[in-house]
Amino acid sequence: MTIVHCGDPKRGAAWAEIFARDLPEVPFRCWPDIGDAQDVRYLIAWTLSEEVISALPNLEVLFSIGAGVDQLDLSILPPHVRVIRMIEPGITTTMAEYVTMAVLALHRDLPALVAGQRAGTFPYMPVKMARERRVGIMGLGELGQAAIRMLAPIGFRLSGWSRSGREIQGVETFAGEEGMDAFLGGLDILVCLLPLTPETCGILCRETFAKMPRGAALINVARGGHLVQEDLLSALDEGAISAAFLDVSTPEPLPETHALRSHPAVFLTPHIAGVTRIDTAVYALIDALKGVMAGQSVAGDIDRSRGY
Ligand code: NAP
Ligand code: GLV
């Protein structure tokens, strides 16, 4: 019943110690030192390769190191293998902090203020209250809801959009394609926290921007594949979108000459919005593994047919 960690050796070494102490009945090995491959039932990884999958004939469960699973090429994983994503307080808290930071920066017109500082013009911007700013979250799962919990006490007018629709106190919610136009039409700041699936790929595109009020701003903290980057550049240049925070891109990082890298209204960060913490995620992994071994469903179970 071995678990194999495939990834950062520092994290692997730290987690091996904690497993030896807290779950000694499950040997924790670090790829490529997997011991007897026949014994390996569990794998924890950020990405997958044919080499790793073909070396583990008895794999039963793949745990994602991240909250998302699209970075794992699940097409090379046998269909019976269960996939479980990471839900842990390190990712949740850091994501909520990042979204709050970006919303506040856009709310207080930081891009225009920084541009004014660089130009030496120090423009005096009319200042709005948070209650006058409409912030919409696409994706009302673990992270979307965590962002809402951090933003709500500041006073923003919050709305949310998801596939099935969710009721969240104090938040106006919309569901599915039929709810999308009404959701987008009432926003000053749009935050993307969707999983990347065939349905959501390219969702941040010209058509979407056209449904938002002119001059709205964008925060993409989900995946680069959600955004059509050329459409954002055109929307910025046309004034349809006023500014953007992008924590993710295609590729990561963007090439040095890419226009988004030097655009004055764009803040780029290197995929650090929500971070899997070595010191907290290991306990989430152990809890999930205990659930699996007890034959239970666990919070991060992925529906492979749905892609999230
Ligand atoms: P989650 O709990 O699975 O929530 C996903 C939400 O998206 C759900 O509300 C779901 O709707 C909604 N959704 C899925 N497909 C949809 C569709 N076609 N149309 C409308 N809504 C749809 O995921 P999470 O834990 O919040 O994470 C979201 C994503 O954040 C991850 O998949 C990952 O890509 C990204 N992420 C990024 C970073 C970073 O550092 N940048 C860090 C962590 C995660 P239902 O409620 O109806 O199911
Ligand atoms: C990071 O991007 C994650 O999916 O946790």
Side-chain angles (χ1 to χ4, degrees), residues 46 64-71 84-108 110-111 129-174 183 187-196 200 203-204 216-224 226-227 243-249 252 267-285 287-288 298-300 308:
W46 169 249
S64 171
I65 281 171
V69 294
D70 60 282
Q71 72 284 351
I84 299 177
R85 70 198 190 85
M86 182 64 77
I87 299 181
E88 68 96 12
I91 300 180
T92 310
T93 306
T94 50
M95 178 58 82
E97 286 174 358
Y98 184 103
V99 171
T100 304
M101 176 272 295
V103 167
L104 280 169
L106 293 166
H107 162 55
R108 294 306 304 263
L110 192 68
M129 300 290 281
R131 65 169 184 269
E132 299 172 281
R133 208 63 93 166
R134 302 162 301 174
V135 181
I137 317 283
M138 290 181 122
L140 296 174
E142 287 296 321
L143 302 181
Q145 293 193 42
I148 283 171
R149 284 193 296 276
M150 205 173 273
L151 290 168
I154 303 173
F156 291 109
R157 283 169 57 188
L158 296 171
S159 60
W161 180 76
S162 64
R163 194 161 83 145
S164 58
R166 303 234 173 169
E167 271 193 34
I168 304 172
Q169 208 188 353
V171 179
E172 188 179 10
T173 54
F174 301 85
F183 166 69
L187 296 184
D188 298 309
I189 299 171
L190 173 65
V191 180
C192 179
L193 264 170
L194 292 166
L196 185 62
T200 65
I203 195 166
L204 304 173
L218 173 70
I219 298 168
N220 186 17
V221 275
R223 289 289 188 261
H226 288 117
L227 175 66
F245 270 78
L246 306 176
D247 182 54
V248 286
S249 61
E252 290 177 4
F267 289 85
L268 289 175
T269 51
H271 202 141
I272 43 95
V275 181
T276 302
R277 299 246 338 163
I278 291 181
D279 58 345
T280 50
V282 64
Y283 298 106
L285 173 62
D287 279 352
V298 301
Y308 77 100

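Along the sequence shown, the residues carry numbers beginning at 1.
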Review point. Does the side-chain contact (heavy atoms from CB on, under 4.5 Å) test come out yes or no for L140 and I148, once each step is laid out?
Key: CA-CA 9 Å; L140 296 174; I148 283 171; 3.6 Å; yes
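- Formation of a donor-acceptor pair under 3.5 Å by the T269 side chain with backbone atoms of H271 is not found in this model.
- Between L193 and M138 there is no side-chain heavy-atom pair separated by less than 4.5 Å.
- When the side chain to side chain donor-acceptor pair (under 3.5 Å) test is applied to R157, no partner is found at least two apart in sequence or on another chain.
- Smallest separation of non-hydrogen atoms from T173 and I168: CG2-N, 4.4 Å.
- Without hydrogens or angle criteria, H226 side chain to V248 main chain gives no donor-acceptor distance under 3.5 Å.
- Across all non-hydrogen atoms, the minimal contact from L204 to C192 is CD1-CB, 3.8 Å.
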What side-chain donor-acceptor pairs closer than 3.5 Å can you find for residues 276-285, not counting sequence neighbours?
unit_1, atom_1, unit_2, atom_2, d
T276, OG1, I65, O, 2.8
R277, NE, D279, OD1, 3.0
R277, NH2, D279, OD1, 3.2
R277, NH2, D279, OD2, 2.8
T280, OG1, E88, OE1, 2.5
Y283, OH, R21, NH2, 3.1

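- Residues A67 and I91 approach most closely at N-CD1, 3.8 Å, considering heavy atoms.
- How far CG of L196 is from CG of L227: 11.5 Å, rounded to the nearest 0.5 Å.
- Between V298 and I87 there is no side-chain heavy-atom pair separated by less than 4.5 Å.
- Taking the side chain as every heavy atom from C-beta outward, L158 and E172 never approach each other to under 4.5 Å.
- Inter-residue side-chain proximity for F156 and L104 is flagged as met; some heavy-atom pair is nearer than 4.5 Å.
- Between R133 and D188 there is no salt bridge, since no side-chain N of the basic residue sits under 4.0 Å from a carboxylate O of the acidic one.
- Using a 4.5 Å heavy-atom cutoff, the side chains of T200 and Y308 are not in contact.
- Looking at L106 and P111, their side chains come closer than 4.5 Å, going by heavy atoms from C-beta outward.
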Side-chain donor-acceptor distances from residues 217-224 under 3.5 Å, at least two apart:
unit_1, atom_1, unit_2, atom_2, d
N220, OD1, A222, N, 3.1
N220, ND2, R223, O, 3.1
R223, NE, D70, OD1, 2.8
R223, NE, D70, OD2, 3.1
R223, NH2, Q71, OE1, 3.0

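- No donor-acceptor distance shorter than 3.5 angstrom exists from the side chain of Q145 to the backbone of E142, with no hydrogens or angles considered.
- S159 is listed as a side-chain neighbour of L187, based on a closest heavy-atom distance under 4.5 Å.
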Review point. Can you list the steps and then say if V135 with L190 is a side-chain contact (heavy atoms from CB on, under 4.5 Å)?
Key: CA-CA 6 Å; V135 181; L190 173 65; over 6 Å; no
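- Here CE of M86 is found 11.0 Å from CH2 of W46. Values are rounded to the nearest 0.5 Å.
- The aromatic rings of Y98 and F245 stand perpendicular to each other, their planes meeting at an angle above 60°, with 30° marking the opposite boundary.
- A donor-acceptor pair under 3.5 Å links the side-chain atoms of S162 to the main chain of G165, judged by distance alone.
- For the pair A130 and I154, the tightest heavy-atom approach, listed with the atom from each and the gap, is CB-O, 3.5 Å.
- G274 and T94 make their closest contact through CA-OG1, 3.3 Å (heavy atoms, listed as atom of the first residue, atom of the second, distance).
- Smallest separation of non-hydrogen atoms from D247 and I272: OD1-N, 2.8 Å.
- Side chains of M150 and M95 form no contact here, defined as non-hydrogen atoms less than 4.5 Å apart.
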